[in-house]
Amino acid sequence: MAVDMNMSILIVDDYKTMLRIIRNLLKQLGFNNVDEATDGSTALHKLREKGYGLVISDWNMEPMTGIQLLREVRADTQLKEMPFIMITAESKSENVVAAKEAGVSNYIVKPFNAATLKQKLTSIIGNF
Amino acid sequence: MRTSAVSRDVSERLGALQKRSDRIDPGEIVEVVEGIMGTMRGDLSAAELDLYAELGSLGKYIADAKAEISSLRPNEIRDQHLPIASDELDAIVGATEQATNGILEAVETIEGLTQDMSPEVAEKVTEAVTRVYESCNFQDITGQRVTKVVKALKQIETSVNGLLAAFGDDSPPAGKPAAPAPAAAAVDHELLNGPQLPGEATTQADIDALLAGGF
């Protein structure tokens with residue numbers, strides 16, 4: 001099945017430069033329908049308001065962290081199947097374990113490159 | 001008789017200090033020690049002499065420590081050095097963010113021009129632009145590292161406040177410790193470590209293996 005390149009992607013990060021970088025890399029990969037949030041609470045509100053096909057979230061944010069957002073998403077009957085990629089500088093194995101237990105779809109450690117982003121997207125939504 | 005009187009006096013004074021819930025001024029300890037020593041007059045037994053010597057050493061140790069800490073000027077560390085260091089670090093984050101945005105804006109402009117270039121040139125330019133985007137990850141990493149340092153400075157500030165309160169400075173004492181967080185929040189808090197130093201970080205390959213395997 002062909003990947004819907006018009007799918008809406010929500011990227012969540014408290015660093016605006018990182019939002020800009022991820023948005024630009026997604027654009028290079030052909031995804032132009034990208035929305036942004038700077039913390040987990042705002043992201044959760046947006047997710048409940050609008051239909052997104054994928055979430056790409058940082059971990060270390062306030063007031064709601066990425067792992068809390070992930071747990072909220074997985075606990076929400078409408079959102080629980082949402083693909084969720086964590087992109088974070090938190091690279092300890094206990095973080096990865098916690099994210100996996102919370103139901104993360106994939107995990108990218110910062111600093112990352114475009115090839116890694118594409119590889120993780122492909123593993124979730126298929127080749128594009 | 002006198003020995004038991006001394007013991008009783010020691011017990012009473014130390015007991016009074018132990019019952020205190022607030023921070024005890026070292027000066028009060030010195031006062032108690034001197035008071036006890038003042039009761040030890042006349043012919044002293046060997047045990048009393050030992051106690052006398054120990055108490056004398058304790059009083060001198062406290063007085064020396066107080067003098068040494070005072071010479072470090074902890075109030076200057078708290079009021080000047082730590083705030084300056086925090087401000088400088090905040091400025092680093094602000095400057096790198098501004099510079100990164102400038103770089104991103106410039107390369108976005110360059111990327112926008114690729115449609116006017118030949119396919120071969122456009123491909124090379126796009127590859128270079130991608131590398132710039134990837135390299136700009138540094139701003140986020142730098143920001144998080146600096147935030148870790150600022151948090152460490154705040155811990156030092158709390159300790160310095162404690163020292164100042166203990167050694168009689170007029171400055172306000174350190175705030176009350178925060179109420180214990182709920183268990184889940186505490187566990188999550190322990191997962192907020194930020195970027196790891198080179199050599200200590202888990203690689204993307206290790207993370208992929210963790211995700212793929214069972215725990």
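Keep in mind the model is a prediction, meaning the values are calculated, not measured. Proteins come first, then strands; the chains are lettered A, B, ... in the order of their sequence lines, and each starts at number 1.
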Looking at B/Y61, I'd like to know if its OH atom is crowded, meaning that more than 12 non-hydrogen atoms belonging to other residues, nucleotides or ligands lie closer than 6.0 Å. no
Please tell me if the side chains of A/N113 and B/R131 come closer than 4.5 Å, counting only heavy atoms from C-beta onward. no
Nearest 0.5 Å, please: how far is OH in B/Y133 from CG in A/L25? 7.5 Å
Considering only heavy atoms, which portion of B/I141 lies under 4.5 Å from any heavy atom of chain A: side chain, backbone, both, or neither? side chain
Does the side chain of A/Y15 reach to within under 4.5 Å of the side chain of B/Q139, using non-hydrogen atoms? yes
What's the spacing between A/L117 CG and B/E134 CD if we round to 0.5 Å? 9.5 Å
Does atom CD (A/E62) have a neighbourhood of more than 12 heavy atoms from anything else shown, all under 6.0 Å? no
For B/L191, is there any backbone N or O sitting under 3.5 Å from a side-chain donor or acceptor partner on A/E94? no
Do A/V96 and B/D206 come close enough that some side-chain heavy atom pair is under 4.5 Å? no
Would you call B/E108 and A/R20 a salt bridge, using N to O less than 4.0 angstrom? yes
Looking only at B/T100, B/I207, B/V107, B/D208, the option with the highest number of non-hydrogen pairs under 4.5 Å against chain A is B/I207
Chain B contact via A/I22 - which portion, at a heavy-atom distance below 4.5 Å: neither
In short, B/N137 meets A/F112 closest at the heavy-atom pair ND2-O, 2.8 Å
Where does B/T126 contact chain A at under 4.5 Å (heavy atoms): side chain, backbone, both or neither? both
For A/T116, is it the side chain, the backbone, both or neither that has a heavy atom under 4.5 Å from a heavy atom of chain B? side chain
Count the heavy atoms of every other residue, nucleotide or ligand shown that sit under 6.0 Å from CZ of A/R48, and state whether that count exceeds 12. yes
Heavy-atom distance under 4.5 Å to chain A: side chain of B/E105, backbone, both or neither? both
Heavy-atom pair with the smallest gap, counting every atom of A/K100 and B/A212: NZ-C, 4.2 Å
Just checking B/E127: does its CD atom have more than 12 heavy atoms from other residues, nucleotides or ligands closer to it than 6.0 angstrom? yes
Between B/E111 and chain A, with a heavy-atom cut-off of 4.5 Å, which part of the residue counts as in contact: side chain, backbone, both or neither? side chain
Answer key: most heavy-atom pairs under 4.5 Å with chain B among A/M18, A/K92, A/K27, A/K120 is A/K92
May I ask you to check whether over 12 heavy atoms, not counting those of A/K80, lie within 6.0 Å of atom NZ? no
Just by modelled atom types, is the A/S91 backbone N or O under 3.5 Å from a matching donor or acceptor in the B/T202 side chain? yes
Name the region of A/D13, side chain, backbone, both or neither, that has any atom closer than 4.5 Å to a heavy atom of chain B. side chain
Would you mind reporting whether A/I21 and B/D140 have side-chain heavy atoms less than 4.5 Å apart? no
Listed by chain and number, what are the salt bridge (charged side-chain N to carboxylate O under 4.0 Å, His left out) partners of A/K16, not counting sequence neighbours? none
Is a side-chain donor or acceptor of A/N60 paired with a backbone partner of B/L192 at a separation under 3.5 angstrom? no
